[in-house]
Amino acid sequence: MSMKPNLPGLRAAATVTCLLAALPAAAQDSPLPDLFSDVIDVRVVNVEVVVTDRSGNRIRGLQPGDFELHVDGETVPIDYFTEVDEGRALEASDEDVGSVPALTPDEPVGTSYLVFIDDLFAIKQRRDRVLKRLGEDLVRLGPADRVAVVAHDGHELTLLTDWTGARDDIETALLEARERKPYGLMYRYGMGSERGDKTRRSVMAAAGAVRSFANASGRKVMLLLIEGWATVSDTWNYRSAYAAASAGVTLDRLYGPLVNAANMVGYSLYPIDLPGLQGAPGPPIAGFGTAGVAPVFAGSIGGYAMWRGVPEQRFHNVLQFLAEETGGLPMINSFSKKALAETAADTRSYYWLGFDPPRNEDDRLHDIEVRLPGHPDLRVRTREHYLDMSRATEVGMLVEGALLLGGSPGTESLEVNFGEPEKAGFRQLDVPMTIAFPLEDVELLPVNGQWMNELEFRIRLMNKWGDQAAPPAVKIPVVIPKEPTRGDFFIFEMDLKIRKREHRFVAAVYDPLTGELLSTKGTVGPR
């Protein structure tokens with residue numbers, strides 16, 4: 001890219017290390033005043049709540065006073081409340097509680113269905129059977145519903161369709177998904193310890209997809225078309241669930257990134273059991289209750305028991321874990337054949353609670369519990385925590401989404417040039433990098449006779465195997481002696497350390513004063 005900056009003296013230098021591994025962020029001193037601190041944006045935390053009786057029947061007509069909301073064990077007021085009944089928002093009769101800001105009484109409430117297809121473990125016949133039924137059940141979608149479809153092959157995440165309510169576009173995407181090559185038969189036998197590694201890759205891809213579609217409207221649902229994802233025992237090559245539990249291994253450890261990402265941006269997970277019913281459970285064993293299956297140990301892993309000799313049950317435990325942690329439902333056995341219809345029915349009627357939390361933007365998870373103190377016979381289902389998300393995390397999500405699915409997270413006025421790489425150890429390179437951007441695209445404030453801002457630079461990389469690297473963000477202090485004019489550029493120089501292979505990258509500069517992003521994308525490293 002060519003650059004013609006009018007301010008050749010505006011240069012700064014830094015070093016960024018990228019080794020496709022988590023790296024600690026180095027402390028950076030800021031010469032700028034507190035004026036440039038990010039302003040906290042007060043946002044409503046939404047909690048969707050399903051209430052049923054003991055038989056599973058939906059309970060309608062409850063009011064805000066029937067609910068108690070607890071965050072980290074403390075009671076908090078419910079600031080917003082709307083009942084959604086058969087896809088339409090109802091107005092609460094309690095005048096002390098407002099309606100959820102995103103919902104209009106007596107208007108349709110849409111559901112955003114993000115369909116994630118994991119081709120890494122899928123077997124074509126099973127996958128296509130479920131995809132075919134999804135296409136047939138599109139008639140169950142409401143007028144305000146939307147669908148996006150992504151597929152993962154172990155290396156790349158492919159966008160088959162962005163959000164759309166057009167049935168023809170969704171059907172085309174599902175047909176395209178059926179034409180994709182699945183790899184399940186390759187890994188069905190003899191995967192050994194590789195199953196855990198490959199499952200992690202699929203889990204991280206699903207988590208990336210959730211984060212990339214964070215800004216969906218209405219109720220947010222992710223349909224996970226999966227099979228063969230590792231259980232605790234085969235993930236860490238333990239011979240028994242008892243050994244895994246003794247070593248402190250849990251489902252949280254493997255599936256936490258996906259659960260946390262879903263709860264972070266308000267998605268409920270509806271995992272679909274692609275194999276469906278695979279035969280009856282093992283032979284009954286006396287003394288172990290009506291299930292007739294002997295537990296390996298007295299207790300659970302990640303909240304769910306592991307059973308000897310029943311791999312199907314262990315996989316179902318994974319599906320149950322993903323659903324229950326996020327307020328969704330697992331589509332197991334015969335329900336996999338009607339997953340969209342069941343999910344649509346399940347998300348048509350619920351209570352939408354909202355509250356204004358204190359905002360520290362520290363990326364901490366907070367526990368959520370909803371109670372019905374006056375109705376001990378009723379059952380409540382909802383997600384179990386939310387994230388006090390920082391703007392830095394949001395920016396990282398935007399950059400990650402652009403890397404995974406294409407597109408640009410911001411205005412494409414950022415320019416990046418790479419110099420001649422130098423060896424930096426075994427299979428590593430140091431690559432000089434020059435970043436330039438027009439000053440008219442960022443906000444500068446006059447402070448003590450100078451024009452200032454403190455920007456933030458992020459770069460994210462991915463190799464051909466789908467491995468990602470996210471070096472720590474780098475602060476870019478901009479301090480110039482005069483007000484910039486049209487055509488003025490700011491130049492920033494740094495070194496990028498990468499593995500000795502080609503990477504795709506997305507880079508972005510974040511302006512905290514305006515919330516805007518400048519971005520670019522390309523490739524770096526030897527081909």
Side-chain angles (χ1 to χ4, degrees), residues 44-94 96-100 102-103 109 111 218-222 251-252 255 259-260 262-271 300 302-304 316-317 319-332 335 342-357 365-387:
V44 176
V45 172
N46 294 314
V47 183
E48 300 87 0
V49 183
V50 173
V51 181
T52 62
D53 61 19
R54 295 184 184 276
S55 300
N57 300 310
R58 292 300 172 93
I59 302 299
R60 295 171 168 83
L62 297 178
Q63 296 300 315
D66 294 309
F67 293 84
E68 279 187 1
L69 179 61
H70 298 259
V71 177
D72 294 333
E74 300 291 332
T75 304
V76 299
I78 297 172
D79 299 306
Y80 307 97
F81 179 92
T82 298
E83 180 182 358
V84 179
D85 186 19
E86 292 301 325
R88 301 189 76 84
L90 305 182
E91 190 166 6
S93 61
D94 190 337
D96 295 329
V97 178
S99 297
V100 174
L103 307 180
V109 179
T111 298
R219 181 77 185 269
K220 291 185 279 190
V221 165
M222 186 183 211
L251 287 177
D252 297 302
Y255 295 104
V259 166
N260 292 340
N263 282 328
M264 177 173 67
V265 296
Y267 270 88
S268 296
L269 300 180
Y270 287 72
S300 64
Y304 297 90
H316 289 175
N317 289 339
L319 305 184
Q320 290 167 347
F321 175 79
L322 294 171
E324 292 185 13
E325 289 289 308
T326 60
L329 286 176
M331 297 295 157
I332 293 174
F335 282 90
E342 291 292 332
T343 302
D346 189 60
T347 56
R348 282 284 181 264
S349 300
Y350 54 95
Y351 297 92
W352 199 328
L353 283 57
F355 66 100
D356 293 318
L365 285 173
H366 298 275
D367 294 331
I368 297 174
E369 183 182 6
V370 178
R371 301 176 185 173
L372 292 167
H375 305 275
D377 56 327
L378 300 183
R379 297 178 178 180
V380 171
R381 169 161 52 91
T382 188
R383 61 191 175 104
E384 298 192 354
H385 53 260
Y386 79 94
L387 186 79

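Source: prediction; values computed, not measured.
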Which heavy atom in [X] sits nearest to a heavy atom in [Y], and how many Å separate them?
| X | Y | answer |
| --- | --- | --- |
| T82 | A89 | CG2-CB, 3.8 Å |
| V380 | V370 | CG1-O, 3.8 Å |
| A323 | P271 | CB-CD, 3.9 Å |
| D356 | Y80 | OD2-OH, 3.4 Å |
| P77 | F355 | O-CB, 3.6 Å |
| S268 | T326 | OG-O, 3.1 Å |

Please report the interatomic distance [atom1]([X]) to [atom2]([Y]), rounded to the nearest 0.5 Å.
| X | Y | atom1 | atom2 | value |
| --- | --- | --- | --- | --- |
| L319 | N317 | CG | CG | 8.5 Å |
| L62 | L372 | CG | CG | 6.0 Å |
| L69 | E74 | CG | CD | 12.0 Å |
| Y270 | F335 | OH | CZ | 13.0 Å |
| L365 | L387 | CG | CG | 5.0 Å |
| T347 | L329 | OG1 | CG | 10.0 Å |

N/O donor-acceptor pair under 3.5 Å between [X] side chain and [Y] backbone:
| X | Y | result |
| --- | --- | --- |
| R383 | N263 | yes |
| K220 | V265 | yes |
| D66 | Q63 | yes |

What pairs with D377 under side-chain hydrogen bond (donor to acceptor under 3.5 Å, both in side chains), at least two apart in sequence or on another chain? none

Might you work through the side-chain contact (heavy atoms from CB on, under 4.5 Å) test for I332 and Q320, ending with a clear yes or no? CA-CA 9 Å; I332 293 174; Q320 290 167 347; 4.0 Å; yes

Taking only residues at least two apart or on different chains, which pairs with a member in residues 47-70 satisfy ring pair (Phe, Tyr, Trp, His ring centres under 6.0 Å)? F67-F81, F67-Y351

Sequence neighbours left out, what pairs pass salt bridge (charged side-chain N to carboxylate O under 4.0 Å, His left out) with at least one residue falling in residues 46-57? none

Determine whether E83 and W352 satisfy the following criterion, side-chain contact (heavy atoms from CB on, under 4.5 Å), listing intermediate values before the conclusion. CA-CA 6 Å; E83 180 182 358; W352 199 328; over 6 Å; no

By side chain to side chain contact (heavy atoms under 4.5 Å, CB included) - contacts of [X] (at least two apart):
| X | result |
| --- | --- |
| R58 | V50, T52, R60, D346, S349, R381 |
| D367 | D72, H385 |
| P373 | E68, R371 |

Look at the rings of F321 and Y255 and say which category their plane angle falls in: under 30° parallel, 30 to 60° tilted, over 60° perpendicular. tilted

Does the pair R379 and V51 meet the rule for a side-chain contact (heavy atoms from CB on, under 4.5 Å), with working shown? CA-CA 6 Å; R379 297 178 178 180; V51 181; over 6 Å; no

Run the side-chain contact (heavy atoms from CB on, under 4.5 Å) test on H366 and V71 for me, step by step, so that the C-alpha distance in whole Å, both residues' side-chain angles and the decisive distance to 0.1 Å come before the verdict. CA-CA 6 Å; H366 298 275; V71 177; 4.0 Å; yes

